[in-house]
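Report on the structure given below.
Numbering starts at 1 and runs along the sequence shown.
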Amino acid sequence: MTSIDKNGTSIEKIISAFRREHRIKDWELKYDIIKKPSAGFLGLFANKTAVVRFQLPDLGERAASFLDMLLKKMGVPFDGVSAKTQGKTIYLEVKGSKDSGFLIGKNGSMLETLQYLVNRVYENDKNLDRIYIDAEGYRERREATFLRQFMPLIKKVKEQGKPQTLEPMNAADRRVIHRHIERDRGLRTLTIGEGEKKRIVIFSAKQSESEVLSQTRQARPRPRPHKKTGEPKN
């Protein structure tokens, strides 16, 4: 949270300008009026300058604040929301949930819905790639279980340097693979195919994408893979 003082001829204009400058939402606006403009007495001792002190949250605090407000409107009991930022990725965790079954949903469906909504609110911020939401460590446990089946293939890429193409999987599962590989500087991923047939290719960071795609085509001549390198890690 950063404290910023702004001055102007009216409090309303100062607040309006601050909201435009920082793209602050209503629920994020926190300020104290330090000095009000006054007309003085018979035009004497007039003060024409207003000063407002704003509390500007960082992006992680803003996302946590929005999720906090959303859960309260849904009537979900919880103790708080913590935020952690790594690069352009924000990790939010709901702590102290009294109804974790509802909050998580069947196979994490409620968490996915909340995550989608929060990402939509901040999707135009150039300093953000993605926001992930977890509750009571559910996503972390699920992802560890899911990743276990791919560890032999990942180890094979690291040891032999040959790209490995995974079977088609949905967007949520692809995000788990992308995020895991991002933590390993020796490996990279790309996505090939379209729609429900999208596959992830895991390859050595020493190789270029064009080289990997060439090897993938040779290994899978039919159907011809469609290069899709611009897919967000989601």
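In terms of heavy atoms, N124 sits closest to R23 at O-NH1, 4.1 Å. Across every non-hydrogen atom of L92 and A83, the tightest pair is CD2-CB, 3.6 Å. Contact detail for Q55 and S3: the closest heavy-atom pair is NE2-OG, 3.6 Å. Minimum interatomic distance between K162 and V157 (heavy atoms only, all atoms of both residues): O-CG2, 3.5 Å. Looking at every heavy atom in both residues, Q115 comes nearest to I133 through OE1-N, 2.9 Å. In plain terms, the two heavy atoms of G8 and I14 that are nearest each other are N-CD1, 3.2 Å.
For D5, the salt bridge (Lys or Arg N to Asp or Glu O under 4.0 Å) partners are R53, not counting sequence neighbours. Residues forming a salt bridge (Lys or Arg N to Asp or Glu O under 4.0 Å) with R120 (at least two apart in sequence, or on another chain): E123. Residues that satisfy the salt bridge (Lys or Arg N to Asp or Glu O under 4.0 Å) test with E196, not counting sequence neighbours, are absent from this structure. With sequence neighbours left out, F150 forms a ring pair (Phe, Tyr, Trp, His ring centres under 6.0 Å) with F146. With sequence neighbours excluded, the residues satisfying side chain to side chain contact (heavy atoms under 4.5 Å, CB included) with M74 are L70, L71, V76, F102, M110, L114.
With respect to D26 and R19, a salt bridge is recorded, a charged nitrogen being found less than 4.0 Å from a carboxylate O. A salt bridge is defined here as a Lys NZ or Arg NE, NH1 or NH2 lying under 4.0 Å from an Asp or Glu carboxylate O, and E112 with R175 meets this definition.
Annotation: side chain of V121 is not in contact with side chain of R62 (no heavy-atom distance under 4.5 Å). Side-chain contact check for M151 versus H180: some heavy-atom pair is nearer than 4.5 Å. Counting only heavy atoms from C-beta outward, the side chains of I90 and L128 approach each other to under 4.5 Å. Under the 4.5 Å side-chain criterion, counting only non-hydrogen atoms from C-beta, I200 is in contact with I202. Residues I11 and K36 meet the side-chain proximity criterion, which asks for heavy atoms closer than 4.5 Å. In this structure the side chain of R199 never reaches within 4.5 angstrom of the side chain of T191, judged on heavy atoms.
The closest donor-acceptor contact from the side chain of E136 to the backbone of G96 lies under 3.5 Å. The backbone N or O of A50 sits nowhere less than 3.5 Å from a side-chain atom of N7 that would complete a donor-acceptor pair. The main-chain N or O of S97 is never found under 3.5 Å from a side-chain atom of S100 such that the two would form a donor-acceptor pair. The closest donor-acceptor contact from the side chain of E140 to the backbone of G137 lies at 3.5 Å or more, if one exists at all. D184 contributes a side-chain N or O that, together with a main-chain N or O of G186, makes up a donor-acceptor pair within less than 3.5 Å. The backbone N or O of T85 lies less than 3.5 Å from no partner atom in the side chain of T89, so there is not a single donor-acceptor pair.
Going from atom CG of D134 over to atom CZ of R142 covers 11.0 Å, rounded to the nearest 0.5 Å. In this structure, CD on E209 lies 13.5 Å from OG on S214, to the nearest 0.5 angstrom. One distance of note links CG of D58 with OG1 of T2; it measures 7.5 Å at 0.5 Å rounding. Between atom CZ of residue R188 and atom OG of residue S208 there is a gap of 8.0 Å, rounded to the nearest 0.5 Å. Put simply, CD1 on I104 and CZ on R139 are 9.5 Å apart, with the number rounded to the nearest 0.5 Å. Between the CD atom of E21 and the CG atom of L56 there is a distance of 9.0 Å, given to the nearest 0.5 Å.
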Margin query: Before you tell me yes or no, could you show the steps for K72 and D68 under salt bridge (charged side-chain N to carboxylate O under 4.0 Å, His left out), namely the whole-Å CA-CA distance, both residues' side-chain angles and the distance that decides it to 0.1 Å?
Written below: CA-CA 6 Å; K72 287 176 179 173; D68 184 286; 2.9 Å; yes

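In this structure, R179 satisfies the cation-pi test against Y132, with its NZ or CZ atom closer than 6.0 Å to the six-membered ring centre and inside 45 degrees of the ring normal.
Between F66 and Y122, the ring planes are perpendicular. Angles over 60° get that label, and only those under 30° would be called parallel.
For residues 78-92, the salt bridge (Lys or Arg N to Asp or Glu O under 4.0 Å) pairs, not counting sequence neighbours, are D79-K98.
Y31 OH: 12 or fewer foreign heavy atoms inside a 6.0 Å radius. Within a 6.0 Å radius of CD in E211, other residues, nucleotides and ligands contribute more than 12 heavy atoms. Few gaps surround CZ on R141; more than 12 heavy atoms of other groups in view lie less than 6.0 Å from it.
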